Amino acid sequence: MTEFELIKQYFASQTEHRADVRIGIGDDTALVNLPAGHELAITTDTLVAGVHFPIETHAYDIGYKSLAVNLSDLAAMGASPAWVTLAITLPNADENWIQDFCNGFFTLANRYQVQLIGGDLTHGPLSITVQALGHVQTRQALLRSAAQPGDLIYVTGTLGDAGMGLAIAEKRQPVQDQDVRSYLLSRLNRPEPRVLIGTALLKIANSAIDISDGLVADLSHILKASKVGAKINVDALPLSPELIQTLKHEDAVQMALTSGDDYELCFTVPPNKAAALETELTNMPCRITCIGSITNSPTLDLHNKDGKPYHGSLTGYQHF
Ligand code: ADP
Ligand code: MG
């Protein structure tokens with residue numbers, strides 16, 4: 001197949017068609033309509049084989065995750081995802097591979113009514129660049145820089161699972177139980193971007209970030225941008241039963257604090273909006289957990305439930 005035939009057959013085959021897309025794939029640019037009173041939210045991420053995912057990762061998972069990490073960034077701003085472009089560099093035109101990639105990509109895109117509106121296809125070492133575009137009401141987006149002392153700090157879902165999934169994928173950690181193994185691998189390969197939670201947090205949260213590099217690293221971005229500190233109770237960190245079953249407790253906690261790729265949201269909420277948050281999130285697909293609060297002093301204080309300082313390493317998980 002030629003480049004154009006591949007585009008037509010696979011990349012232009014999405015079933016989702018948004019009313020706000022006037023021109024999608026096929027012209028020199030796409031043309032879309034931004035709703036009145038909204039700002040455009042734009043993010044991009046590149047995934048390189050062997051760097052951002054193990055070389056043997058399944059094409060479906062690469063397609064899924066290359067979009068998921070971008071939708072997660074939009075969610076962290078409270079933006080509604082709408083459009084996406086895809087620049088893909090392939091070592092060869094393996095149609096089975098492309099079909100699987102598109103299945104993963106479009107499964108997630110359709111779930112959130114995101115339309116692929118353009119891209120590029122080139123020959124070379126496998127690399128995928130996705131740009132996701134969304135919209136959010138003017139001046140309502142959740143910024144890293146707006147956390148306030150006294151805010152409660154929450155995270156969605158559970159932490160550390162994807163880090164454990166990577167340890168399994170890289171054969172650093174044998175896990176015998178097949179259900180546990182496949183849960184942890186799916187948390188690595190198919191993270192659920194917290195799109196609905198992100199938009200539900202508008203007008204409730206003061207600040208938000210998505211956890212791509214690990215809780216401590218990403219929360220620190222909020223603290224720095226907002227010129228505040230935080231107190232975190234490490235015993236409150238949400239850990240999955242699968243992670244608890246796989247690691248010693250102290251290692252699970254360290255994984256939850258430092259390992260990346262979970263794509264959960266970390267956000268801060270003023271105490272007088274905590275009740276509104278509970279109401280808003282009763283219909284949401286995942287749990288949220290309060291893990292601490294924002295402080296005036298410019299430090300990150302990690303302690304256990306008895307108030308004793310946390311002494312584990314924070315330099316990433318090196319045990320295997
Ligand atoms: P141009 O040469 O004008 O950049 P191309 O010939 O590269 O256009 O692409 C033709 C059309 O197909 C464009 O609308 C482009 O956005 C789209 N396209 C190319 N590659 C992809 C892809 N991998 N996924 C989706 N759309 C693509
Ligand atoms: Mg081109």
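If you're wondering where the values come from, they're calculated on a predicted model, not measured in any experiment.
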Test side chain to side chain contact (heavy atoms under 4.5 Å, CB included) applied to Leu116 and Phe106, step by step: CA-CA 8 Å; Leu116 180 62; Phe106 289 141; 3.9 Å; yes
Connecting only ILVMFWY residues whose side-chain heavy atoms lie within less than 4.5 Å of each other, what is the rest of Met77's hydrophobic cluster? Leu143
Counting distance only, does the side-chain N/O of Glu5 pair as donor-acceptor with the main-chain N or O of Thr2 below 3.5 Å? yes
Pairs under 3.5 angstrom only: tabulate donor-acceptor contacts from the side chains of residues 280-288 to other protein residues two or more places apart or in another chain.
from	atom 1	to	atom 2	distance (Å)
Thr282	OG1	Thr279	O	2.7

Tell me, with the steps shown, if Thr156 and Glu264 meet side chain to side chain donor-acceptor pair (under 3.5 Å). CA-CA 5 Å; Thr156 61; Glu264 297 295 348; 2.5 Å; yes
Determine, step by step, whether Asn233 and His303 satisfy the side chain to side chain contact (heavy atoms under 4.5 Å, CB included) criterion, reporting the C-alpha distance in whole Å, the side-chain angles of both residues, the deciding distance to 0.1 Å, and the verdict. CA-CA 5 Å; Asn233 172 5; His303 57 86; 3.9 Å; yes
Looking only at atom types and distance, does a side-chain atom of Gln14 sit under 3.5 Å from a main-chain N or O of Val114, one as donor and one as acceptor? yes
Looking only at atom types and distance, does a side-chain atom of Ser207 sit under 3.5 Å from a main-chain N or O of Ala146, one as donor and one as acceptor? no
Heavy-atom pair of closest approach, residues Val228 and Ala147: CG1-O, 3.9 Å
With heavy-atom distances below 4.5 Å as the criterion, would you say the side chains of Ile153 and Ile294 are in contact? yes
Rounded to the nearest 0.5 Å, what's the gap from SG on Cys102 to CG on Asp100? Could you check? 9.5 Å
Any donor-acceptor pair under 3.5 Å from Asp177 side chain to Asp179 backbone: yes
Is it the case that the side chain of Gln131 and the backbone of Thr44 share a donor-acceptor pair, with hydrogens and angles ignored and the cut-off at 3.5 Å? no
Ala208 to Ile222 - nearest heavy-atom pair and separation: C-CD1, 4.0 Å
Side chains of Gln113 and Arg18 in contact at under 4.5 Å (non-hydrogen atoms): yes
Which heavy-atom pair separates Thr295 from Pro149 by the least distance, and what is that distance? C-CB, 4.1 Å
What is the distance from atom CG of Leu302 to atom CG of Leu215, rounded to the nearest 0.5 Å? 8.5 Å
Determine whether Trp83 and Phe11 fall in the same hydrophobic cluster, where Ile, Leu, Val, Met, Phe, Trp and Tyr are linked whenever their side-chain heavy atoms lie under 4.5 Å apart. no
Are any of the side-chain heavy atoms of Leu202 and Leu142 separated by less than 4.5 Å? yes
Which atom of Cys290 lies closest to which atom of Leu152, heavy atoms considered: SG-CB, 4.1 Å
Any side-chain heavy-atom pair from Gln115 and Asn110 closer than 4.5 angstrom? no
Given the rule in the salt bridge (charged side-chain N to carboxylate O under 4.0 Å, His left out) test, do Asp210 and Arg194 qualify, once you have shown the distances and angles that lead to the verdict? CA-CA 9 Å; Asp210 67 323; Arg194 301 303 185 187; over 6 Å; no
Please tell me if the side chains of Leu121 and Leu6 come closer than 4.5 Å, counting only heavy atoms from C-beta onward. yes
Check: Ala225 main-chain N/O paired with Ser145 side-chain donor or acceptor under 3.5 Å: no
Salt bridge (Lys or Arg N to Asp or Glu O under 4.0 Å) filter on Asp161, not counting sequence neighbours, yields Arg187
May I ask you to test the Trp97-Leu126 pair for a side-chain heavy-atom distance under 4.5 Å? yes
If you group Ile, Leu, Val, Met, Phe, Trp and Tyr by side-chain heavy-atom gaps below 4.5 Å, do Leu133 and Leu86 land in one group? no
Do side-chain atoms of Asp151 reach the backbone of Gln148 as a donor and acceptor pair under 3.5 angstrom? yes
Spell out, as yes or no, whether a donor-acceptor pair under 3.5 Å connects the side chain of Thr246 to the backbone of Glu242. yes
Show, in sequence, the C-alpha distance, side-chain angles and deciding distance for Lys203 and Gln137, and conclude whether the side chain to side chain contact (heavy atoms under 4.5 Å, CB included) test is met. CA-CA 11 Å; Lys203 299 188 175 149; Gln137 249 176 42; 3.9 Å; yes
Of all heavy-atom pairs linking Asp262 and Gly160, the shortest is OD2-N, 2.7 Å
At what distance, to the nearest 0.5 angstrom, does OG1 of Thr299 lie from CG of Leu223? 9.0 Å
Hey, are the side chains of Val155 and Leu265 touching, using non-hydrogen atoms and a 4.5 Å cut-off? no
Check which hydrophobic residues are tied to Val48 through side-chain heavy-atom contacts below 4.5 Å, counting indirect links as well, and list them. Val51
Out of curiosity, does Tyr64 fall in the hydrophobic cluster containing Phe105 (side-chain heavy atoms, cut-off under 4.5 Å, transitive links)? yes
Going from CD1 on Ile88 to OH on Tyr10, what distance comes out if it is rounded to the nearest 0.5 angstrom? 12.5 Å
I'd like a table of donor-acceptor pairs (distance under 3.5 Å, sequence neighbours excluded) in which one partner is a side-chain atom from residues 22-37, with atom names and distances.
none

Closest contact, heavy atoms only, Thr46 versus Ser127: CG2-OG, 3.8 Å
Identified side chain to side chain contact (heavy atoms under 4.5 Å, CB included) partner of Leu188 from the options Ile168, Leu166, Asp61: Leu166
CG/Leu243 to CG/Leu184 distance, rounded to the nearest 0.5 angstrom? 6.5 Å
If you link I, L, V, M, F, W and Y whenever their side-chain heavy atoms are under 4.5 Å apart, who else ends up in the same group as Tyr263? Val69
Donor-acceptor pair, distance only, cut-off 3.5 Å: does the side chain of Ser226 make one with the backbone of Arg144? yes
Are Met1 and Phe101 in one and the same hydrophobic cluster, where Ile, Leu, Val, Met, Phe, Trp and Tyr link if side-chain heavy atoms are under 4.5 Å apart? yes
Can a donor-acceptor pair be found, under 3.5 Å and without considering hydrogens, that links the side chain of Asp261 to the backbone of Ala162? no
Stepwise side chain to side chain contact (heavy atoms under 4.5 Å, CB included) test for Gln173 and Leu247: CA-CA 10 Å; Gln173 174 84 3; Leu247 290 178; 4.2 Å; yes
Can you find a pair of side-chain heavy atoms, one from Tyr112 and one from Leu71, that are under 4.5 Å apart? yes
Under a plain distance cut-off of 3.5 Å, with no hydrogens placed, do Ser240 and Thr158 share a side-chain donor-acceptor pair? no
In the single-linkage hydrophobic clustering (I, L, V, M, F, W, Y; side-chain heavy atoms under 4.5 Å), do Met164 and Leu314 co-cluster? yes
Separation of Tyr60 OH from Thr107 OG1 (nearest 0.5 Å): 3.5 Å
